[in-house]
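Quick note: numbers below take in every heavy atom, side chains included, and nothing from hydrogens, waters or symmetry partners. Please read all numbers here as calculations on a predicted model, not as lab measurements. Just so we're on the same page: letters track the sequence lines, and every chain starts at 1.
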Number of protein chains: 2
Amino acid sequence: MSKCEQCIVREFSALKALNKDELLKLADCKTSYVVKKGEVIFDEGDHLDGIFCVKDGVCKLTKLSSNGKDQIVKLVARGELLGQRSLISEEPTNLSAVALEDMTVCFVPKSQVMDFFNENNKFSLGMMKNVCHDLKEADNVLVNLAQKNVKERLAATLLYLHDSFGVNEDGSLKLHLSREEISSIIGTATESCIRLLSEFNKSGLIELSGKKIILKDKKELRKLAE
Amino acid sequence: MSKCEQCIVREFSALKALNKDELLKLADCKTSYVVKKGEVIFDEGDHLDGIFCVKDGVCKLTKLSSNGKDQIVKLVARGELLGQRSLISEEPTNLSAVALEDMTVCFVPKSQVMDFFNENNKFSLGMMKNVCHDLKEADNVLVNLAQKNVKERLAATLLYLHDSFGVNEDGSLKLHLSREEISSIIGTATESCIRLLSEFNKSGLIELSGKKIILKDKKELRKLAE
DNA sequence: ACTAAACTATGACAAAAATCATATTTTAAT
DNA sequence: ATTAAAATATGATTTTTGTCATAGTTTAGT
């Protein structure tokens, strides 16, 4: 069992508010495990009995629409927490979490989180700020979905993937998403997404080589995304 | 200056956690005032120095998109609080609040809210649950915007207006929204919205008499909305 | 290395939605 | 009460987006 003191999650999440003593308790009760790409961490409607720390890897939060398609609501990266809203609301999860890469995840039981929550004001405030940030982001995504067309949303999404998850040495987007997953972020048919990527490729905005996507003209993409 | 004990906002919001003593403090520091239909309570980007209790009336929370159009993100009814996220995040507001009817609103200064927040766990938990609820709702709206077509979204919105804000004696929707505002909820062009309302009217799903909208076939609307 | 399955790509077409134009009706201000 | 402005309505047209069909490519499992 590793200690939590040096964990990446402490840098980015509410866990940074924990003191040495609390960190020991955390290290003592947590369960660390590996999630393979494509595996489900939790499903929409599940009752969670704790939260998850994402030590490594990226996952998607999705919701199944009545038309049978999954919508990606948010991507969660290394260093972030999963299941906070559900824990605070004392409700089943509203979204499913599925690994986009092999992940390392720690599960922290609810009882321990609630102890921190009730006894450490900085911790609870930190968690609230996370939820508040998620709300702000969700509102912004909502506005973009309602007001921008597919081309604009695709441009914005490519830039988001670039800025948030970085690029490899060859300049290609580090986070690998299938065309279907990109479509599921921007809320469009897979064929439409593929067609637009092809168009962006032809007009020099991006470069498609195999499954790799390289943003060639970020300035123009930014203009497109507005 | 009226007391806060009997206020409707206490029934529905985090304020229900306040005790008698705290209520007196609240009554003492609050400022009650009237907002006329169409008036702005706060604007996107404003720094709020407190929160608002909606004693009466309904307002819309909107965000200006880069295409110059306003998107309605949420409707806030009597009994709810405004500005909670902004207060917790210590950030400017992400949305504008505009009265859809004449309203009565109380402003509660930040210092007092933070006192309650820090000293009354039930209050802070209540406020967090509100934000969590908003996040869940925002995610759901986001999925609908991404995955449903305009007709389905219109049907869903009419039902939402019916269920959340009720009807007059003649069965017409109580909350009066312009066609442009309905369009701004469902994220479509005003003409498209008008055309579909007309279509719903002709096919007997709703009845349009003047500006009034009466839902005639809720079952079929529900089927449409999925 | 081979094969099936999954993923990507593209064309043809249909459907949905936006835009532009123009009436008509309603509302608000004088 | 009159008039201008705003809101609603509808037609014509274009653009955007989705659907279906099919072919090529990549990936994973034996």
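- Residue Lys211(B) places its side chain closer to dA7(D) than to any other of dA17(C), dA7(D), dT10(C).
- With respect to Phe107(A), the ring-ring contact (aromatic ring centres under 6.0 Å, His included) criterion is satisfied by exactly one of Phe52(A), Tyr33(A), Phe42(A): Phe52(A).
- The listed nucleotides are dT19(C), dC20(D), dG18(D); the one nearest the side chain of Arg195(B) is dT19(C).
- In this structure, Thr188(B) reaches the dA18(C) phosphate: one of its side-chain N or O atoms is under 4.0 Å from OP1 or OP2.
- Between the C1' atom of dT16(D) and the CG atom of Asn67(B) lies a distance of 15 Å, rounded to the nearest Å.
- Rounded to an integer number of Å, the gap from CD1 of Ile213(B) to P of dA7(D) is 15 Å.
- If you check every strand for non-hydrogen atoms under 4.0 Å, Thr190(B) touches nothing.
- For the pair His176(B) NE2 and dA7(D) P, the interatomic distance rounds to 10 Å; values are reported in whole Å.
- Contact annotation: Ser198(A) side-chain N/O to dT8(C) OP1/OP2 distance is not under 4.0 Å.
- Comparing atom distances between the Ala189(A) side chain and each of dT19(C), dA17(C), dT19(D) picks out dT19(D) as nearest.
- Of the possible polar contacts, none joining the Arg85(B) side chain to the Leu135(A) backbone as a donor-acceptor pair under 3.5 Å is found.
- Checking Lys148(B) against Asn67(A) by side-chain atom types alone, no donor-acceptor pair falls below 3.5 Å.
- Closest to the side chain of Arg179(B), from the set dA9(C), dA9(D), dT19(C), is dA9(D).
- For the pair Gln147(A) CD and dT16(D) P, the computed distance is 16 Å after rounding to whole Å.
- Looking at which nucleotide of DNA chain C each of Glu191(B) and Leu196(B) is closest to, the 5′-most match is held by Leu196(B).
- Look at CD1 on Ile206(A): it is 13 Å from C1' on dT8(C), rounded to the nearest Å.
- Closest to the side chain of Asn149(B), from the set dA16(C), dA18(C), dG18(D), is dA16(C).
- Atoms CD (Glu180(A)) and P (dA5(C)) sit 18 Å apart, rounded to a whole Å.
- Closest contact between the side chain of Leu208(A) and the listed nucleotides dA9(D), dT17(D), dA9(C) involves dA9(C).
- Listed candidates were dT19(D), dT26(D), dT8(D). Nearest to the side chain of Lys69(A) is dT19(D).
- In summary, Asp163(A) and Lys218(A) do not engage in a salt bridge, as defined by a charged side-chain N under 4.0 Å from a carboxylate O.
- Between Leu158(A) and the choices Leu224(A), Ile186(A), Ile206(A), Leu205(A), the side chain to side chain contact (heavy atoms under 4.5 Å, CB included) rule is met once, by Ile206(A).
- With rounding to whole Å, Ile194(B) atom CD1 is found 16 Å from dC20(C) atom P.
- Glu152(B) places its CD atom 13 Å from the C1' atom of dA15(C), with the value rounded to the nearest Å.
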